[in-house]
There are 2 protein chains.
Amino acid sequence: MGASCIIRHFEFYSPLTDQDKKLLDSLEKAPRCVVKNESVWQEGASTDHFYTVRKGWMYAYRNMEDGTRQVLDIFVPGDIVGLREFAFRKRISGLTALTDAEICPFPKKRMLDVFSQSLLLCHIFFMIASRDQSILLERLVNLGRRSAKAKLAHFLVEISRRLEKTNVDIGNHYRIPLSQGLLADALGLSAVHVNRTFQELKEEGLVNPRHGGIELLDLEGLKAVAGFDPSYLEEDVHGLLAEARARHIAT
Amino acid sequence: MGASCIIRHFEFYSPLTDQDKKLLDSLEKAPRCVVKNESVWQEGASTDHFYTVRKGWMYAYRNMEDGTRQVLDIFVPGDIVGLREFAFRKRISGLTALTDAEICPFPKKRMLDVFSQSLLLCHIFFMIASRDQSILLERLVNLGRRSAKAKLAHFLVEISRRLEKTNVDIGNHYRIPLSQGLLADALGLSAVHVNRTFQELKEEGLVNPRHGGIELLDLEGLKAVAGFDPSYLEEDVHGLLAEARARHIAT
DNA sequence: CGCCGCGTTGAAGAAAATCAAAGCACGTGG
DNA sequence: CCACGTGCTTTGATTTTCTTCAACGCGGCG
């Protein structure tokens, strides 16, 4: 059996000591399987666990009083879910499975062990939180100041980029299991308009929407339409991190 | 002279030991004054410092290729600015002063000292990052799924809530120094439309827009218009935090 | 087969953007 | 103290973008 889900994620940032790995491993409890459309938690639920996504896709959402909803984030394998709610007792968004999936819970309480026992892991957790924020920021820009076409293109490119990062092995990250209705709720548009926007992108040969999914045909073209600037995804995996590693090993 | 800016902020979460205070104090360098409209950093600048806002208001923004911009966040006294970019070498948003202001830089490098020397402070930093994210999430909802009127009302209520938290002493947090143009860029609207929306709110007696600022007349009314649910601002200042404190003191 | 979820289409309407011009408050310099 | 410029607000007319509503198609699945 391979490295646990979270170890693989962390090793993207830095090599880990055996001790670190042991610590992380002890966090991760038995994986839990969820089926498509199964709800993992709802708004208001308790926040005693985080999850790492081992397989499949998930999404976080918020239901509005008027019956609409806002999809807040999409999670792909390797992502950590729930860190957002670290400071809160109750979840501020729901989480449900977009496809059949496998997720690994780990208890929030144990974060204290991590913080106290490994400077390096603590630092990496902080980097992950920072990255999450920067993704949200970009999503803000997307919702606030881009046309429907650019919104859609940008969102698709981002997802594809995020897949590349953790799924290097999977050659085809060009198949995206998002329905048009879900994209609408993620982008603050109506499903009808998403559909029409897709038709434009399709005519330009950029995407190929199929039943319940999208195929990305021309990433570069999409980037151009979106005005995509990847810098918000490009973390500094050297710099401070190296010093944290050095210091951590020294103790 | 009173406690440093950041100590006051942290004591909102938990009482600190003298050692913690000393550590925090050592982080905070000499305050820097900036005048209205002065730029503190631009997109792409280096991320070697965070800042705490001691006086005045600041805003973070992103300029788009087409000449528009998105205002990403507003900062009020007590806020910490720049944590977002912890994982990055370069800033992904600009920061400029909305009013004359006083900010206290502290070096990002020293975060390692904090993490290694104080479990409690580390934990609080994490809570702050979590809170920042939850504010961004709510802003996403605001941009994605609310009408112009609700957007505006919600944003104003949020600001007022955030002011209450750190500025308990200031009785009148009902005077907000935001121009309509800036609000437009924050809410993804045009300045013209913001103006018209203000007129509606004004007729209902909820706000009183004056030159270069807004007076909030009826917070409850605004909350109703916004469908404001404050839970995204209500952190759990007990729970894990208490355990962190206990453990921290034990060592 | 028939249902159900999702995608597609058309027509009509609402929300917000854009353009352009004018007004108003404030500071600055004469 | 007044004239002037500048930045922000206000207003009206027009246009664009996106939504809403309603209907239909289509594929998968029990």
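Letters A, B, ... mirror the listed sequences (proteins, then strands); counts begin at 1.
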Gap between atoms CG and P, on B:L183 and D:dC8 respectively (whole Å): 12 Å

Quiz item: cation-pi between A:K108 and A:F50, 6.0 Å / 45°: no

Interatomic distance, B:L182 CG vs D:dG7 C1' [rounded to whole Å]: 14 Å

Residue-phosphate contact under 4.0 Å: B:Q180 side-chain N/O, D:dT10 OP1/OP2: yes

NZ or CZ of B:K29 within 45° of B:F106 ring axis and under 6.0 Å: no

Whole-Å distance separating the CG atom of B:L178 from the P atom of D:dG7: 19 Å

Interatomic distance, A:L152 CG vs D:dT17 C1' [rounded to whole Å]: 15 Å

Short N-O contact, B:E204 and B:K149, less than 4.0 angstrom: yes

Touch class at under 4.0 angstrom, heavy-atom based, for A:A148 against every strand present: sugar-phosphate

Contact list for DNA chain C against residues 196-209 of chain A - heavy-atom distance below 4.0 Å: A:R196, A:Q199

Nearest-nucleotide 5' precedence on DNA chain C, A:R145 against A:S179: A:S179

Test: B:R162 and B:D73 ion pair at under 4.0 Å: yes

N/O (side chain, B:N195) to phosphate O (OP1/OP2, D:dT9) under 4.0 Å: no

Between D:dG28 (P) and A:K36 (NZ): distance, integer Å: 12 Å

Touch class at under 4.0 angstrom, heavy-atom based, for A:S190 against every strand present: base

Verdict with reasoning, B:E158 to B:R161, per salt bridge (Lys or Arg N to Asp or Glu O under 4.0 Å): CA-CA 5 Å; B:E158 181 189 304; B:R161 279 302 193 101; over 6 Å; no

Minimum side-chain heavy-atom gap B:S134-B:E138 below 4.5 Å: no

Interface limits on DNA chain C, where chain A has a heavy atom under 4.0 Å of a nucleotide atom: C:dG7 to C:dA11

Salt-bridge contact A:E65-B:R145 (side-chain N to carboxylate O under 4.0 Å): no

Sugar-phosphate, base or nothing in reach of A:G188, heavy atoms under 4.0 Å: sugar-phosphate

Ring centres under 6.0 angstrom apart (B:Y59, B:Y61): yes

Nearest-Å distance for atom pair CG/P, residues A:L189 and D:dC18: 7 Å

Side-chain ion pair, B:R131 and B:E234, N-O less than 4.0 Å: no

